[in-house]
Amino acid sequence: MRPPTTPPSSPVDLLDRCSAIAGLSLGELAELAEVAIPANLQRHKGWPGMLIEKWLGATAGSKPQQDFPELGIELKTIPIDGNFRPLETTYVCFAPLLMQPGITWQTSNVRNKLQQVLWLPVEGDRQIPLAQRRVASGFFWQPDEQQNAILQQDWEELTEQILMGQVESITSRQGIALHIRPKAANGKVLTDALDAEGQRIKTRPRGFYLRKSFTEHILFNAFS
DNA sequence: TGGTGATCATAT
DNA sequence: ATATGATCACCA
């Protein structure tokens, strides 16, 4: 078995590719793909995600769009414990700190990315050697009405705060499903934002993340 | 002990 | 610096 060299032609094709790797370990997948296996993830935090991308035929590169643009599908690998509960929050996208005029939930990058997600849980307990961690079954998810409402509410609250020049007072404790945290290589990375007086300030870049409590429900519904 | 804030690798 | 892929790790 080898990784595909072309993007999936359809959602069914994509799901087939998931089925083909379900139950296999990251070590097996890395060996078949001729990818080096790091000893741990401390300096290779995105490694499982990149490996899975390769096996599903996602377009390489760092574009601010979905992983499968032709299908309108975003891929998210998610580390889970023995009970299929998420071990980490899920990064969604950067939080724009200099708002485009007329940005709404409907046109937001968060909504665009979460409209149709392929979740691929992977064993993530740190006591399991990286190479031995197995891939679970992937599944499609679309936010239901209630989930959409919560996401929209969180997004609007956080966006409003950014718009009001209050980015520095945003804490990751805000938001039921979606929250904002720093997202950068280190604390020295700064980007432009606006303060309450509309003056340009430098602040740490932020990203939108899904809380574990939210993704836990998604996983629970999928596997129960 | 788990969530918040910080950080790591890589491509453009 | 911004974007992708995320997980690390400190401390309340």
Side-chain angles (χ1 to χ4, degrees), chain A residues 3 7 26 29-30 33 35-69 73-83 85-100 108-110 112-114 117-131 133 135 138 154 158 162 167-193 200-216 219:
Chain A
L26 296 180
L29 292 174
V35 167
I37 307 168
N40 57 63
L41 294 184
Q42 293 181 7
R43 293 187 172 273
H44 302 271
K45 297 180 181 178
W47 187 79
M50 305 296 283
L51 180 64
I52 298 301
E53 275 189 351
K54 196 180 189 82
W55 274 99
L56 298 183
T59 313
S62 55
K63 300 162 191 162
Q65 282 309 316
Q66 291 125 329
D67 295 288
F68 305 101
I73 293 171
E74 171 74 8
L75 168 67
K76 287 295 176 197
T77 61
I78 183 168
I80 55 168
D81 67 13
N83 296 316
R85 293 157 60 103
L87 288 166
E88 297 288 347
T89 56
T90 301
Y91 172 69
V92 179
C93 61
F94 263 90
L97 302 183
L98 296 174
M99 287 298 167
Q100 321 289 70
S108 70
N109 205 358
V110 172
N112 178 51
K113 289 215 170 182
L114 295 183
V117 177
L118 173 62
W119 292 100
L120 207 319
V122 178
E123 287 181 323
D125 271 317
R126 293 191 202 178
Q127 44 188 333
I128 307 175
L130 182 57
R133 299 181 191 175
V135 174
D154 288 343
L158 294 164
I162 293 171
V167 62
E168 296 284 28
S169 65
I170 292 177
T171 162
S172 61
R173 295 170 190 80
Q174 291 174 249
I176 295 167
L178 192 71
H179 67 175
I180 281 182
R181 304 213 305 280
K183 168 65 171 168
N186 58 63
K188 296 172 187 168
V189 178
L190 297 175
T191 191
D192 288 331
R200 233 175 174 78
I201 58 170
K202 288 288 188 183
T203 189
R204 296 177 354 274
R206 315 298 165 93
F208 284 108
Y209 295 79
L210 294 177
R211 288 191 182 282
K212 286 197 280 187
S213 55
F214 188 72
T215 53
E216 182 179 335
L219 294 176

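Lettering follows sequence order; numbering is per chain, from 1.
Rounded to a whole Å, the CZ atom of A/Arg200 is 13 Å from the P atom of C/dA1. Following rounding to the nearest Å, A/Leu120 (CG) and C/dG5 (C1') show an atom-to-atom distance of 14 Å. With rounding to whole Å, A/Asp81 atom CG is found 13 Å from C/dT7 atom P. Remark: P of B/dA9 and NZ of A/Lys54 are 20 Å apart, rounded to the nearest angstrom. Rounded to an integer number of Å, the gap from CG of A/Leu190 to C1' of B/dA6 is 14 Å. One interatomic measurement links the two molecules: CD of A/Gln127 to P of B/dT1, which rounds to 12 Å at whole-angstrom precision. A/Lys188 places its NZ atom 12 Å from the P atom of C/dA1, with the value rounded to the nearest Å. In this structure, the CG atom of A/Asn186 is 10 Å from the P atom of C/dA1, given to the nearest Å.
Residue A/Lys202 is classed as having no contact, given no heavy-atom separation below 4.0 Å to the nucleic acid. Nucleic acid contact for A/Thr90: none, since no nucleic acid atom lies under 4.0 Å from a heavy atom of the residue. Among the atoms of the strands shown, none is found under 4.0 Å from any heavy atom of A/Gln66. Among the atoms of the strands shown, only primed sugar atoms or phosphate atoms (P, OP1, OP2) are found under 4.0 Å from some heavy atom of A/Pro79. Residue contacts for A/Arg173: at a heavy-atom cut-off of 4.0 Å it reaches the sugar-phosphate backbone alone, with no base atom in range. When heavy atoms are screened at a 4.0 angstrom cut-off, A/Leu87 is found touching no nucleic acid atom at all. As judged by a 4.0 angstrom heavy-atom cut-off over every strand, A/Gln42 is placed among residues touching the sugar-phosphate backbone only.
At a cut-off of 3.5 angstrom, counting only N and O atoms as typed in the model, there is a donor on one side and an acceptor on the other between the side-chain of A/Lys183 and the base of C/dT4. Judged by distance alone with a 3.5 Å cut-off, a donor-acceptor contact links the side chain of A/Lys45 to the base of B/dT7. Residue-to-nucleotide contacts include a donor-acceptor pair under 3.5 Å from the side chain of A/Arg181 to the base of C/dT7. Looking at A/Tyr91, its side chain has no donor and acceptor atom pair within 3.5 Å of the base of C/dA3. The base of C/dG5 lies outside donor-acceptor range of the side chain of A/Lys76, with no N or O pair under 3.5 Å.
Residue whose closest nucleotide on DNA chain C sits further toward the 5' end, between A/Glu88 and A/Trp47: A/Trp47. Mapped onto DNA chain C by nearest heavy atom, A/Pro205 and A/Gly46 fall at different nucleotides, with A/Pro205 at the one closer to the 5' end. In this structure, A/Arg43 and A/Tyr209 both approach DNA chain B, and ranking their closest nucleotides by distance from the 5' end singles out A/Tyr209.
Between A/Thr191 and C/dA1 there is no side-chain N or O to OP1 or OP2 distance below 4.0 Å. Contact between the side-chain N/O atoms of A/Thr171 and the OP1/OP2 oxygens of B/dT4 is not found at any separation under 4.0 Å. For C/dA6, the OP1/OP2 oxygens have a side-chain nitrogen or oxygen of A/Thr77 closer than 4.0 Å.
Taking every side-chain heavy atom of A/Arg204 into account, B/dA6 is the closest of C/dA6, B/dA6, C/dG5. Set against B/dG5, C/dT2, C/dT4, the side chain of A/Asp67 has C/dT4 as its closest nucleotide. The side chain of A/Lys212 lies closest to B/dG3 when the candidates are B/dG3, C/dG5, C/dA6.
A/Ile73 is not listed as a side-chain neighbour of A/Asp67, based on a closest heavy-atom distance of 4.5 Å or more. Looking only at side-chain heavy atoms (C-beta outward), A/Ile162 and A/Ile180 come within less than 4.5 Å of each other. Put simply, the side chain of A/Lys188 reaches to within 4.5 Å of the side chain of A/Asn186, judged on heavy atoms.
With values rounded to the nearest 0.5 angstrom, A/Cys93 atom SG is found 14.5 Å from A/Arg206 atom CZ.
The closest side-chain donor-acceptor pair between A/Ser213 and A/Arg211, if any, does not fall under 3.5 angstrom. For the 3.5 Å distance criterion, the side chains of A/Asn112 and A/Gln65 qualify, holding a donor opposite an acceptor.
A/Asp154 contributes a side-chain N or O that, together with a main-chain N or O of A/Leu178, makes up a donor-acceptor pair within less than 3.5 Å.
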